[in-house]
Every structure is written in C-alpha cells, then in structure tokens.
**Q** 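Handing you a structure now.
Computed from a predicted structure; not experimentally measured. In what follows, every heavy atom counts, from backbone to side chain, and hydrogens, waters and symmetry copies are set aside. Letters go in sequence order (proteins before strands), and every chain restarts at 1.
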Protein chains: 2
Amino acid sequence: MKKTKAYRSEAASAIYETATGLFEAGIIDKQTMREFDESCLTPIHEFTPSQIRALREREQVSQTVFAHHLNISKDSISQWERGEKRPAGPSLKLLSLIERKGLASIA
Amino acid sequence: MKKTKAYRSEAASAIYETATGLFEAGIIDKQTMREFDESCLTPIHEFTPSQIRALREREQVSQTVFAHHLNISKDSISQWERGEKRPAGPSLKLLSLIERKGLASIA
DNA sequence: ACACTTTATAGCACTTAGTACTACAGTAAA
DNA sequence: TTTACTGTAGTACTAAGTGCTATAAAGTGT
C-alpha cells in the first residue's frame, strides 16, 4: 500500500489518503484497510434476463455489438436475455460497469 | 444508432459524428458502421502468465485484491500466473482495460 | 522464542458458462 | 425478389472458473 492511487473524485481521494494515514499510524489494521479498498469497487449484483436486455437497449446496440464490447459470443448474450444461461464472475463485473458508467466506459 | 455516444477525446467524437452523418446520408453502409464501432474498442490480446503477473504487480496489489477487482476467485489469478489456466473472453476484456487504463478505471 | 497473518503454490473434483455450429423466422431495405 | 440484420432455438463440446484442503515462506507483533 505504498503508492497513492488515482480516484474519481477529490473527496474519495482525500478520504482514502486519510485512511491510509490511519493505517500507517497503526490506528486501523490491514484487514480493515483491505475491506475499505473493496468497498470502493463498483457494487456487483445478479442481473435478471430483462435487466440485461433493458441495459443493452438503453445503450442502443444489437446483441452482436453488445457481445463485441464484452468480448463474448453473440449466442451468450441471447442466452442471458432468454434466461437460458446466467452471466458469471467477470461478465457480471462488466455488466455492472456498463450499468453504472455506460458502455463507452469500457470501450 | 440514433443517440450520440460519449467519447474520450474531442477528436474521436468528431470523427464518429462525421461517420454517423455519412451513414445517415447513405454514403457508408451499416456493416461499415459496425466495423467502425468495433475499431473503437480497446484492442484485446492474449496474456502470458508473466504479463499477467507484471500487470498485477504494476498495480501493487495481491492476488486476492486483484481477484476482487475482476470479480473472480483468487485461485483463478494464481492459475493464470502459473499458466495452469488461461483467462477467457470477459476476463481478457478486463485485463486489457486494466493494461490500458489502470486498475482504477474498472473500480 | 512464539503465535498469528498474509501471501502464494499445488492438488483435487466438480459445475456450468461460454463456444461453435446449424436451422429457422421476422423485419427492413435495395 | 433478394439481400442483410436481427433474434430465437437446438445440439454438443471444451475448459474456465469454483471451492476445498494442505503446505510453506515471509513478515508482524508480543
């Protein structure tokens, strides 16, 4: 935890540096520090088939183009939207990013 | 392709809007337009085990924290770095994003 | 010295996501 | 009419990703 990382907002950055300081001063432990790190990540949740479709339609793209953005096959997108299969780990991360920041953010 | 999307640079945005105009005017076809869209995506390539480890170490995080960022298990990161398994579709997309824009960009 | 935590490797067995392919159908446009 | 884009639906396969346990090195604190 030596390097100061880049944060989106000034506030988040300031809070993080304060926490880092508290850690270095021994006031909070490594465990708490890691939990703090994790709390900074975009929250990830499951997506229903309709939510996935709504997300894609919000971005105005076809299943094929959406698939290209996720680096996945078009068949998979179709399967997600029909509830035949459900997106897993890394796919959920990408969907969450798109939901919060838009398709362009992972372009 | 009705909505104007957000682009990182002014230049890219301008070029894109010009292309959109050409498409709407019927000068370039939908196929060309989609290929243009795809050319805007971050290039994705395979990663060797050492490249993955180097990438993680560049970001100064443990396998566990790295795993949290990718929404994947720590075991998988270890397997990638030892060449026991290789990251697939969506995982490669995330690794490419980290490589080009840093860990914070997918936080 | 001691215990404790973090870090990472290594093996195992298992589940299922993701792929690739085909065929089919509705819509729109040339 | 024909061509292209879109999405559904079926099949079958591969291997990614999970979860578990055990092990060990290195650092931390007491």
**Q** Does the side chain of I44(A) come within less than 4.5 Å of K93(A)'s, by heavy atoms?
**A**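 Yes, side chains in contact.
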**Q** Distance check needed: dG18(C) P versus R86(B) CZ, whole Å only.
**A**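 Rounded to whole Å, this separation is 18 Å.
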**Q** Report which part of the nucleic acid E81(B) touches: base, sugar-phosphate, or nothing (heavy-atom distance under 4.0 Å, all strands).
**A**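 The answer is nothing, as E81(B) stays clear of every strand by at least 4.0 Å.
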**Q** If you take any heavy atom closer than 4.0 Å to DNA chain D, which residues from residues 70-78 of chain A end up in contact?
**A** D75(A), S78(A)
**Q** Which parts of residues 44-57 of chain A get close to DNA chain D, meaning a heavy atom less than 4.0 angstrom away?
**A** R53(A), R56(A)
**Q** Let me test you: for the helix from dA1(C)-dT30(D) to dC24(C)-dG7(D), what is the angle between the axes at its two ends (five pairs each), rounded to 10 degrees?
**A**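 For the helix from dA1(C)-dT30(D) to dC24(C)-dG7(D), the axes at either end differ by 60°.
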**Q** Can you figure out which of dG7(D), dA17(C), dG17(D) approaches the side chain of K85(A) most closely?
**A**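 So the nucleotide nearest the side chain must be dA17(C).
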**Q** Would you please name every residue forming a ring-ring contact (aromatic ring centres under 6.0 Å, His included) with F47(B), sequence neighbours left out?
**A**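 So F47(B) forms a ring-ring contact (aromatic ring centres under 6.0 Å, His included) with H45(B).
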**Q** Salt bridge (Lys or Arg N to Asp or Glu O under 4.0 Å) with E84(A): which residues, sequence neighbours excluded?
**A** R82(A)
**Q** When you measure from the side-chain N and O atoms of S62(A) to the phosphate of dC5(D), is any distance below 4.0 Å, counting only OP1 and OP2?
**A** no
**Q** Taking CZ from F66(B) and P from dA8(C), how many angstroms apart are they, rounded to a whole number?
**A** 12 Å
**Q** Determine: side-chain N/O of T64(B) to OP1/OP2 of dT6(C), distance under 4.0 Å, yes or no.
**A** no
**Q** Restricting to non-hydrogen atoms, name the atom on K101(B) and the atom on S105(A) that form the minimum distance, rounded to 0.1 Å.
**A**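 Taking every non-hydrogen atom into account, NZ-O, 3.5 Å.
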**Q** Name the residue closer to the 5' end of DNA chain C, choosing between R82(B) and G89(B) according to the nucleotide with the nearest heavy atom.
**A**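 The 5'-side residue here is R82(B).
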**Q** What does nucleotides 24-30 of chain C look like as a protein-contact string, B for base, S for sugar-phosphate only, - for none, at under 4.0 angstrom between heavy atoms?
**A** -------
